Number of protein chains: 2
Amino acid sequence: MKGSVESALTQLKAWLAQPDLPSDGRLPPERELCTLLGVSRGALRKALSTLEQDGELWRQVGKGTFIGARSVEKSLSISTVAEGSNPLEVMQARLLVEPMLAGEATVHATGAHLAEMHRCNRIQREARTWRQYENADNRLHRTVAEATGNTVLLALFDQLNAIRRTVVWGRLRDKPDYPPADHKSFGQHELLVRAISERDQEGAYQAMHDHLMTVQESLLRASSRGSGSEPDNF
Amino acid sequence: MKGSVESALTQLKAWLAQPDLPSDGRLPPERELCTLLGVSRGALRKALSTLEQDGELWRQVGKGTFIGARSVEKSLSISTVAEGSNPLEVMQARLLVEPMLAGEATVHATGAHLAEMHRCNRIQREARTWRQYENADNRLHRTVAEATGNTVLLALFDQLNAIRRTVVWGRLRDKPDYPPADHKSFGQHELLVRAISERDQEGAYQAMHDHLMTVQESLLRASSRGSGSEPDNF
DNA sequence: AATTCTAACCAATTGTAAATTGGTTTTGCA
DNA sequence: TGCAAAACCAATTTACAATTGGTTAGAATT
């Protein structure tokens, strides 16, 4: 009959109105529920589908059908994301996000931000250990994010950074002992800070993009070189 | 003999100095390693223990023994970020992030992604309740993030979305009962999906940007109107 | 002829039991 | 007494079967 789906919808709504449904918001599997309501599985599924579009329940393969809104805490775990990712993917995300942050920083950066960036540049030039260089690099990138003046963007950067660290952790065994000598990054970092200082939005975007491109290139070079350590300040 | 532990420590350090140890930093299980080094398990364990106290490796039952420092997962609290933010700031972050995601989606979107986006468009056109409309909107935006094919970008979008929901949580009084009638968003959503379908990167970026601009405008209009409900699908 | 129902199959997830692994205790031996 | 070997324990991973939402093909019904 034609109205079988509507009938199923009615039956389903009536069943959901029951006061004694399980407290975890999970309703029986479709194969049980359809016999319980005396409708075919197809009709039940169409009824469930409309209720899902209304946001009154949500379904997931292998898990079940649940009342209410989907739980959000799914992919917020940094380690979970990191496990399903790889250095190249993180790098490409950085290539999209960080130049945008640099461009935004040109609009909102304060004098304190600029001073801190210059300080990072100086520390990098004078760095004598890899650790010093790396710390200054991290600090510079985060200062750019701070300079956007947007706490949400800063939180996103921190999330990206945490994912990056977790992805790299375990892969990078032995870091070099000394900072890079003939390194492009020196000049690129200074170009970046200059562009932000001069409120050159496009220039800052480009400088950050170029810098991350060289990082990506050395990353690719390293991974193609085999199991060797990943270089640069990735 | 007395110096068996010291012998084990020496052997172990020599083994760790090997250049071809596995890249994940994991050592062979104790039962293998002790035969490998020709020492008893007890002596090996004492040697491992001293190295662990020195922070040169860490161990966990059932997992293994690893070189380096334990990974630390510091979880970034969404509610903390949300408390120090506001709807306008979230909106500006969206304006910077989501058009970029849309542009990237044009490169990597699969047929399944496009089908899902069209489905969201259709549901929005046919929506009869606000909740239906809002669900489809959320779904569409998330599908765009999925279509980037980058799990890190997807995680960042989820983070941004979670912040948005938390920020809006306490401020949104009463939602309208019916979906928007003369709404710009209809056309904008369809423009967006069309641009992604046609692999028009710049067009997708622009469409998402325009869409979010109208959302922001209505948000500003609402907040200037006083304590009234924030409209649209913010 | 069209629709709907049934059954089978698929893919994601969960549940479970066995195997693995670091930590501890017991036993054997010199 | 001291140490090595074995046995045992608990946390974790792995392998595999069972469950569950999603899909498709063919039979059944109208």
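In what follows, chains carry the letters A, B, and so on, assigned in the order in which the sequence lines appear, proteins first and then strands, with residues in each chain numbered from 1. What you are looking at is a predicted structure, and each value in this text was computed from that prediction instead of being measured.
- Residue B:Trp58 contributes atom CH2, which lies 11 Å from atom P of C:dG23 at whole-angstrom precision.
- One N or O on the side chain of A:Thr148 and one on the backbone of A:Ala145 form a donor-acceptor pair closer than 3.5 Å.
- Rounding to the nearest 0.5 angstrom, the gap separating the CG atom in B:Leu101 from the CG atom in B:Leu96 is 11.0 Å.
- Taking atom CG of residue B:Leu44 and atom C1' of nucleotide C:dG22, one finds them 11 Å apart after rounding to whole Å.
- Atom P of nucleotide D:dT13 and atom CG of B:Asp24 are separated by 13 Å, given to the nearest angstrom.
- Comparing atom distances between the A:Pro29 side chain and each of C:dT21, C:dG22, D:dG21 picks out D:dG21 as nearest.
- For the pair B:Glu32 CD and C:dA19 C1', the interatomic distance rounds to 13 Å; values are reported in whole Å.
- Rounded to whole angstrom, the span from the CG atom of A:Leu33 across to the P atom of D:dG21 amounts to 9 Å.
- For the OP1/OP2 pair of D:dG21 and a distance below 4.0 Å, the side-chain nitrogens and oxygens of A:Thr65 include at least one atom meeting the criterion.
- Rounded to whole Å, atom P of D:dT20 lies 14 Å from atom CG of A:Leu36.
- Among the heavy atoms of the strands, none lies under 4.0 Å from B:Gly42.
- Rounded to whole angstrom, the span from the CD atom of A:Glu83 across to the C1' atom of D:dT13 amounts to 12 Å.
- Look at B:Arg59 and you'll find a side-chain N or O under 4.0 angstrom from OP1 or OP2 of C:dG23.
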Report, one line per pair, each donor and acceptor closer than 3.5 Å where one atom sits in a side chain of residues 30-42 of chain B; sequence neighbours left out.
from	atom 1	to	atom 2	distance (Å)
B:Glu30	OE1	B:Arg41	NE	3.0
B:Glu30	OE1	B:Arg41	NH2	3.1
B:Glu30	OE1	B:Arg45	NH1	3.2
B:Glu30	OE2	B:Arg45	NH1	2.7
B:Thr35	OG1	B:Glu32	O	2.7
B:Ser40	OG	B:Ala43	N	3.2

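- Residue A:Arg31 places a side-chain atom within donor-acceptor reach of the base of D:dG22, judged by atom type and a 3.5 Å distance cut-off alone.
- Between C:dT13 and A:Gln60, a contact under 4.0 Å exists linking OP1 or OP2 to a side-chain N or O.
- With DNA chain C read from its 5' end, the first of the two nearest nucleotides for B:Gly62 and A:Lys46 is the one closest to A:Lys46.
- Between the side chain of B:His211 and the backbone N or O of B:Ala207 there is no donor-acceptor pair closer than 3.5 Å.
- What separates CD of A:Glu30 from P of C:dA12 is a distance of 17 Å, to the nearest Å.
- Using modelled atom types, one side-chain atom of B:Arg199 and one backbone atom of B:Thr106 make a donor-acceptor pair closer than 3.5 Å.
- Taking side-chain N and O atoms only, B:Arg41 has no distance below 4.0 Å to OP1 or OP2 of C:dG23.
- Considering only side-chain N and O atoms, A:Ser4 lies under 4.0 angstrom from the phosphate OP1 or OP2 of C:dC5.
- Using a 4.0 Å cut-off, some side-chain N or O of A:Arg45 falls inside it from OP1 or OP2 of D:dG22.
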